[in-house]
Amino acid sequence: MKKWMFISYFLTCQAGFGLSQVMSTEKVGKSPWGPNDEIGTLNLMSDQSRLEVLSHVRSGKIYDLSVEYFVGMPSFHALGDPAYQFWMTHTPKGTLIDNPNGMGEGMNAKVSYTGDAISMYTHMGTHIDALNHFGLNGKIWNGFSADEYLGDKGWKKTGAETIPPIIGRGVLIDILALKEVDQLPENYRINSSDLKSALERQKTKLQKGDIVLIRTGQARHYEHADQYLDNYPGINLDAVKWLVEEQQIMLLGADNLSFEAFPPEREDNWVPVHTYLLAEKGVMFMEQMNLESLAHDGVYEFAFIGSSLKLRGASAAPMRPIAIPIN
């Protein structure tokens, strides 16, 4: 969605809908894994479940499901969050001139030195949203309140540092292939019927504890931010409720910017899919994945392996997930 469209919609919501409407319809979920739980449905993982999926690996082929980080990459700027920045801190020529190590011209001419730094929003590139990313009425998943647990250096509960390494059975649901088109319609909302039809076409069945990745085809535009960000398709509430409540999946992911489509399907919540998954059900999800190689090779079932950076108190963290086909 274009930035001006998003801001216009957001201001309309602020003016037109009161807090009481939001409070009357939704509330944060309490974890079945206890009052101290910070990882929600990732509790479905166990040593046994990890070993089970890895025991079915019969190939050494690896599919990289992450995108590259680069200056000018797509990013969500509509609410003022920063773009990705990269700069050199040391270069071979600069080291020769500045002599920062005090080793002199001879040593610095022989031993070249390159260093660099980055600055970025945590919700950029391939990343996973922590359960504190969105809440309802001052609380996040499991009833943790901002008043009690949010400090100047981030959340004391459900921060990205609590997300464990993830290993599980992964399933690709290829919506673009189902529709047999080159591009889904603008702002298309993927529903549960789409998911069921795609799974039937692929001859794939979901299992409890699966990691479900949804291909919209948006990753094909990742090198061109304007196209990638423009009116992208996403999943709707009906679809995620089917996945979570009926299929009991563990984790979700997609190749678009914000997982769900905009403008939102409800008038009392500008990110209803986010709050349903994160705040109500304790289900994390990954965004801006690259699912094109899996789709190209028709790999629909795989061992998913992913680990995110342990950013203390953060609402998201970059990750480098991979997929290994299973039989």
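Side chains included, hydrogens not; waters and symmetry mates left out as well; all remaining heavy atoms used.
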Would you check, one step at a time, whether the test salt bridge (Lys or Arg N to Asp or Glu O under 4.0 Å) holds for Lys179 with Asp194? CA-CA 9 Å; Lys179 300 296 185 180; Asp194 291 330; 2.8 Å; yes
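- A 6.0 Å sphere centred on NZ of Lys196 holds more than 12 heavy atoms belonging to other residues, nucleotides or ligands.
- If you take CE on Met319 and OG on Ser307, they are separated by 7.0 Å, rounding to the nearest 0.5 Å.
- Within the 3.5 Å criterion, the main-chain N or O of Pro233 finds no donor-acceptor partner in the side chain of Glu260.
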Should Val283 and Ile249 be marked as a side-chain contact (heavy atoms from CB on, under 4.5 Å) after you check the CA-CA gap, both sets of side-chain angles, and the distance that decides it? CA-CA 9 Å; Val283 180; Ile249 56 86; 4.1 Å; yes
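- Aromatic ring centres of Trp270 and Phe134: separated by under 6.0 Å.
- Aromatic ring pairs are classed by plane angle as parallel below 30°, tilted from 30° to 60° and perpendicular above 60°; the pair Tyr121 and His123 is tilted.
- Ring planes of Tyr222 and Phe70: perpendicular class, angle over 60° (limits at 30 and 60°).
- Residues Leu54 and Ile167 meet the side-chain proximity criterion, which asks for heavy atoms closer than 4.5 Å.
- The closest side-chain heavy-atom distance from Val244 to Thr41 is not below 4.5 Å.
- To the nearest 0.5 Å, the span separating CG on Leu252 from CE on Met286 amounts to 8.0 Å.
- Atom-to-atom distance recorded for Lys27:NZ and Leu136:CG is 11.5 Å, nearest 0.5 angstrom.
- Within a 6.0 Å radius of CD in Glu68, other residues, nucleotides and ligands contribute 12 heavy atoms or fewer.
- By the 6.0 Å contact criterion, CG on Asp116 is enclosed, its count of non-hydrogen atoms from other residues, nucleotides or ligands being greater than 12.
- Here the closest non-hydrogen pair linking His133 and Ser315 is CB-O, 3.7 Å.
- Here the closest heavy-atom approach between residue Gly104 and residue Asn99 is recorded as N-OD1, 2.9 Å.
- Using a 4.5 Å heavy-atom cutoff, the side chains of Pro164 and Ile39 are in contact.
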Residue pair Glu301, Arg169: steps toward the salt bridge (Lys or Arg N to Asp or Glu O under 4.0 Å) verdict: CA-CA 7 Å; Glu301 299 177 58; Arg169 177 179 180 258; 2.8 Å; yes
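- Under the 4.0 Å criterion applied to side-chain N and carboxylate O atoms, Arg189 and Asp238 are not assigned as salt-bridge partners.
- Side-chain atoms of Asn231 and Tyr188 include no donor-acceptor pair closer than 3.5 Å.
- One distance of note links OG1 of Thr162 with CH2 of Trp155; it measures 12.5 Å at 0.5 Å rounding.
- Hydrophobic clustering (ILVMFWY, side-chain heavy atoms < 4.5 Å, transitive): Trp242 and Leu44 are in one cluster.
- Comment: Arg201 does not engage Asp174 in a salt bridge, judged by the lack of any side-chain N to carboxylate O separation of less than 4.0 angstrom.
- Between the side chain of Tyr228 and the backbone N or O of Ser75, no donor-acceptor pair lies under 3.5 Å.
- Taking the side chain as every heavy atom from C-beta outward, Leu199 and Val171 approach each other to under 4.5 Å.
- Taken together through direct or relayed side-chain contacts under 4.5 Å among Ile, Leu, Val, Met, Phe, Trp and Tyr, Tyr63 and Leu251 form part of one hydrophobic cluster.
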I would like to know whether Leu294 and Asp297 meet side-chain contact (heavy atoms from CB on, under 4.5 Å); could you show each step before the answer? CA-CA 5 Å; Leu294 282 178; Asp297 290 352; over 6 Å; no
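- Atom CD of Glu105 has 12 or fewer heavy atoms from other residues, nucleotides or ligands within 6.0 Å.
- When the side chains of ILVMFWY residues are joined at heavy-atom separations under 4.5 Å, either directly or via intervening members, Leu257 and Val71 end up in a single hydrophobic cluster.
- In this model, no donor atom of one side chain and acceptor atom of the other lie less than 3.5 Å apart for Asp147 and Ser145.
- His127 contributes a side-chain N or O that, together with a main-chain N or O of Gly125, makes up a donor-acceptor pair within less than 3.5 Å.
- Formation of a donor-acceptor pair under 3.5 Å by the Thr89 side chain with backbone atoms of Gly115 is found in this model.
- Distance OG1/Thr158 to CG/Leu278: 9.5 Å, rounded to 0.5 Å.
- With a 4.5 Å cut-off on side-chain heavy atoms, Leu277 and Val240 count as touching.
- You'll find the ring centres of Phe285 and His274 inside the 6.0 Å limit.
- Residues Trp87 and Met124 fall into different hydrophobic clusters, defined by Ile, Leu, Val, Met, Phe, Trp and Tyr side chains chained together at heavy-atom separations under 4.5 Å.
- For the residue pair Glu52 and His56, a side-chain donor N or O sits within less than 3.5 Å of a side-chain acceptor on the partner.
- Between Tyr149 and Phe144, the angle of the ring planes goes over 60°, which puts this pair in the perpendicular group of the 30/60° scheme.
- Side chains of Ser66 and Met289 form no contact here, defined as non-hydrogen atoms less than 4.5 Å apart.
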Can you check side-chain contact (heavy atoms from CB on, under 4.5 Å) on Asp210 and Met250, steps first, answer last? CA-CA 5 Å; Asp210 277 348; Met250 179 176 71; over 6 Å; no
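- We find the CG-CD distance between Leu176 and Gln218 to be 9.5 Å, quoted to the nearest 0.5 Å.
- A donor-acceptor pair is defined here as one N or O able to donate and one able to accept, closer than 3.5 Å; no such pair exists between the side chain of Tyr300 and the backbone of Gly170.
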Take Asp37 and Trp141 through the side chain to side chain donor-acceptor pair (under 3.5 Å) test and state the conclusion after the steps. CA-CA 9 Å; Asp37 172 48; Trp141 167 250; 3.1 Å; yes
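- A 4.5 Å side-chain heavy-atom check between Ile324 and Phe304 finds every atom pair outside the cut-off.
- For the pair Lys241 and Tyr276, the cation-pi test (distance below 6.0 Å, angle within 45°) is passed.
- Using modelled atom types, no side-chain atom of Ser49 and backbone atom of Met45 make a donor-acceptor pair closer than 3.5 Å.
- If you chain together hydrophobic residues whose side chains sit under 4.5 Å apart, Leu178 and Leu195 never meet in one group.
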Are Ser258 and Tyr232 close enough, and set up right, to give a side chain to side chain donor-acceptor pair (under 3.5 Å), and what steps lead you there? CA-CA 9 Å; Ser258 295; Tyr232 51 84; 3.2 Å; yes
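- Judged by distance alone, the side chains of Asn108 and Asn101 do bring a donor and an acceptor atom under 3.5 Å apart.
- At least one side-chain heavy atom of Met284 sits under 4.5 Å from a side-chain heavy atom of Leu131.
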With salt bridge (Lys or Arg N to Asp or Glu O under 4.0 Å) as the criterion, how do Glu148 and Lys156 come out once you've worked through the C-alpha distance, each side chain's angles and the decisive distance to 0.1 Å? CA-CA 9 Å; Glu148 187 174 0; Lys156 305 299 183 183; over 6 Å; no
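- Ion pairing of Asp255 with Arg220 is absent here, as no side-chain N (NZ or NE/NH1/NH2) approaches a carboxylate O to less than 4.0 Å.
- Side-chain contact annotation: Glu26 with Asn269, donor-acceptor N/O pair under 3.5 Å present.
- Contact between Pro318 and Met120 at its shortest, heavy atoms only, is CG-CE, 3.9 Å.
- No donor-acceptor contact under 3.5 angstrom links the side chains of Gln248 and Gln207, judged on distance only.
- For the residue pair Ser31/Asn142, the side-chain donor-acceptor check at 3.5 Å is not satisfied.
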